[in-house]
Amino acid sequence: MSPSRKASAKASAKVSTKARGQIALPFEIPARSAPLAEPIVPGSERDHEIATALGAWFDAVARDLPWRRTRDPYAIWLSEIMLQQTRVDTVIPYFDRFLSRFPTVGDLARADLDQVLSLWSGLGYYRRARIMHLAAREVTERHGGAFPGDAQALRALPGVGAYTAGAVASIAFDLREPLVDGNVARVLSRLDAIDNDIRSTTGQRALWAAAARLVPEARPGRFNQALMELGATVCTPRAPRCTACPVNGLCIARAEGREEDLPVLAPKRKVPSVRMVAAVLWAGHRVYLARRTEGGLFGGLWEPPMVEADSLDEARTSLAEAGIPERIVLREVGRVRHILTHRRLEVTVARAEVPAALRGRAKLASPYERASWLDPDANEVGVSRLARKILSMSSPPAARAEVTRR
DNA sequence: AACCCGGGGAT
DNA sequence: ATCCCAGGGTT
């Protein structure tokens, strides 16, 4: 966020006069003198109108998404785990593959983690897959294979937080439970003109209170999905399409000309850059891959050993601890850049051909736990997008198309 | 409250 | 480049 944007956001928390009076209001909404001191009355006529209008709008325009074609709590839970911090369009093919490979929660529980991570490869936030697997086992063993039908028990499952519990409870079980995700936070911050940083504890409290106030007894799941659909397609972060909004006449931010100033967001820290060296050893079509320990970054995934270093020369001793003997002659083949939420990785890629007779195994140090010679295209284990880029760059031209393909 | 955890699409 | 996405867990 630029300094000026930040300043205007802060200023708007006190008073918003910039655009007021410059737009034609469809009707009068009295400006609230003390927004946080005077909470909107629960069960008001306005709340009811919002719920009604959004429900009807959703019935008319809702996108046809795979997880909207089922009432199976397992399928809906699976979609919600995948959708955490991940866009709808990205999730769809993964959701379809997962459901056909694991049609029931029992099938998922019986799978081994490498298999699950293989199907998850490329989706990101791999801890979700591991925790989801744990939850599947918990549902199978402790709940007899049926998802619990109340928000509190859902919330107790690993990987199910406040949002996901509200989503499964309302969408799969028709329970009047609220939910707040990124979309809903934006929509509600504008509808009610909530001026707190939506990531702060105070802001979250205000948002959940608003969501709980609004969610209707009738078809709460439809209402919650309507809020998210509105945020995804109309009430967008920039240039919201207010003229197409079914509740534009009930939106306080719009009435005050502030829709572009909300939600308020604290500035983010900038991400540090990290230089690494990856060593790719080929023996025919197999490559030496190490499995990362399940705790941290890329946990449980397999990759060519990678160490933090500024140059190949500097990397040799650390690479030895990852099972790459120092006598192997590595040659640089290029660089890969990979952006994560909290780090920018710049990886120098080096490779070598190793005769099959020289294949060895080694005791590995953290973050690796073991290693093996694998065909990276066999889809037996989890491989990150970063590792795929590295493999693609280092493989012989004839094999490049194979490695690049998902 | 701050930090960790991927990858990609829109602008 | 920047933002942010149907967030949750850990410290």
Side-chain angles (χ1 to χ4, degrees), chain A residues 1-2 5-6 62-63 65-68 76-95 117 120-132 134-135 154-168 170-172 178-187 197-204 207-208 211 221 224-233 235-240 263 265-272 292 294-301 303 337-345 367 382-389 406:
Chain A
M1 187 183 293
S2 71
R5 170 75 177 83
K6 178 181 163 190
R63 292 169 290 177
L65 303 176
W67 45 89
R68 289 181 178 165
I76 291 169
W77 164 78
L78 177 63
S79 76
E80 294 299 344
I81 301 294
M82 290 184 162
L83 286 162
Q84 288 168 8
Q85 293 290 282
T86 309
R87 291 169 191 280
V88 164
D89 291 342
T90 305
V91 166
I92 289 173
Y94 284 89
F95 176 79
L117 286 171
W120 197 276
S121 289
L123 197 52
Y125 284 116
Y126 297 94
R127 187 173 53 179
R128 285 184 296 172
R130 193 173 77 257
I131 296 178
M132 173 191 72
L134 289 176
L154 287 166
R155 178 70 180 77
L157 291 172
V160 177
Y163 163 78
T164 305
V168 176
S170 64
I171 298 170
L179 60 76
V180 176
D181 73 336
N183 289 307
V184 175
R186 184 170 55 255
V187 170
D197 174 356
I198 60 170
R199 285 193 280 257
S200 71
T201 305
T202 308
Q204 283 290 311
L207 291 165
W208 279 92
N224 285 335
Q225 292 183 82
L227 274 180
M228 296 190 281
E229 189 86 353
L230 189 72
T233 63
C235 196
T236 48
R238 279 173 291 198
L265 284 167
K268 285 183 180 174
R269 300 194 345 267
K270 52 184 288 189
V271 299
R292 299 181 67 100
E294 290 180 4
L297 184 66
F298 298 121
L301 271 62
E303 65 188 21
R337 178 166 296 163
H338 195 70
I339 314 283
L340 307 178
T341 307
H342 57 301
R343 289 219 195 335
R344 167 192 303 272
L345 305 180
V383 179
S384 69
R385 199 71 87 183
L386 168 61
R388 284 190 193 283
K389 287 186 199 169
R406 260 214 45 78

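Here the structure is a predicted model, which is why all the values come from computation and not from measurement. The sequence lines fix the lettering, A, B, ..., with proteins before strands; numbering per chain opens at 1.
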Determine whether any donor atom in the side chain of [X] lies under 3.5 Å from an acceptor atom in the base of [N], or the reverse, and answer yes or no.
X: T90(A); N: dG8(B); result: no
X: T86(A); N: dG8(B); result: no
X: R128(A); N: dA6(C); result: no

Got a second to check how far [X]'s [atom1] is from [Y]'s [atom2], nearest 0.5 Å?
X: L386(A); Y: L301(A); atom1: CG; atom2: CG; value: 10.5 Å
X: L83(A); Y: I76(A); atom1: CG; atom2: CD1; value: 11.5 Å
X: L230(A); Y: Q225(A); atom1: CG; atom2: CD; value: 13.5 Å

I need the [atom1]-[atom2] distance between [X] and [N], as an integer number of Å.
X: L340(A); N: dC3(B); atom1: CG; atom2: P; value: 17 Å
X: W67(A); N: dA6(C); atom1: CH2; atom2: P; value: 10 Å
X: I339(A); N: dG6(B); atom1: CD1; atom2: C1'; value: 11 Å
X: E80(A); N: dG8(C); atom1: CD; atom2: C1'; value: 13 Å
X: R238(A); N: dA1(C); atom1: CZ; atom2: P; value: 16 Å
X: Y94(A); N: dG7(B); atom1: OH; atom2: C1'; value: 9 Å
X: M228(A); N: dA6(C); atom1: CE; atom2: P; value: 9 Å
X: I198(A); N: dG7(C); atom1: CD1; atom2: C1'; value: 13 Å

Inset, instruction - Pick the P atom in dT11(B) and in dA6(C), then give their distance to the nearest Å. - result: 13 Å
Legend entry - Atom P, compared across dT11(C) and dG6(B): separation rounded to whole Å: 16 Å
Inset, instruction - Would you kindly compare H338(A) and R343(A) by the position of their nearest DNA chain B nucleotide and give the one closer to the 5′ end? - result: R343(A)
Inset, instruction - Name the residue closer to the 5' end of DNA chain B, choosing between L123(A) and D89(A) according to the nucleotide with the nearest heavy atom. - result: L123(A)
Inset, instruction - Answer with base, sugar-phosphate or nothing: what part of the nucleic acid does S384(A) contact at a heavy-atom distance below 4.0 Å? - result: sugar-phosphate
Inset, instruction - Check every strand shown and say whether A162(A) touches a base, only sugar-phosphate, or nothing at a heavy-atom separation below 4.0 Å. - result: sugar-phosphate
Legend entry - Polar side-chain atom of R128(A) near backbone of Q84(A) as donor-acceptor pair, under 3.5 Å: yes
OP1 or OP2 of [N] versus the side-chain N and O atoms of [X]: is any pair under 4.0 Å?
X: T164(A); N: dG8(C); answer: yes
X: Q85(A); N: dG7(C); answer: yes
X: H342(A); N: dC5(B); answer: yes
X: Y126(A); N: dG7(B); answer: yes
X: R186(A); N: dC5(C); answer: yes

Would you mind telling me which of [options] lies closest to the side-chain atoms of [X]?
X: Y125(A); options: dG7(B), dG9(C), dG6(B); result: dG6(B)
X: L83(A); options: dC4(C), dA6(C), dC5(B); result: dA6(C)
X: P237(A); options: dG7(C), dC4(C), dG7(B); result: dC4(C)
X: F298(A); options: dG6(B), dC5(C), dG9(C); result: dG6(B)

Legend entry - Pair E80(A), Y163(A): side-chain N/O donor-acceptor within cut-off below 3.5 Å: yes
Inset, instruction - Write down the atom of G382(A), the atom of S121(A), and the distance for their closest heavy-atom approach. - result: CA-OG, 3.3 Å
Inset, instruction - Return the 5'-most residue of the pair I131(A), L65(A) with respect to DNA chain C, ranking by each residue's nearest nucleotide. - result: L65(A)
Inset, instruction - Just say parallel, tilted or perpendicular for the rings of Y126(A) and F298(A), cut-offs at 30° and 60°. - result: tilted
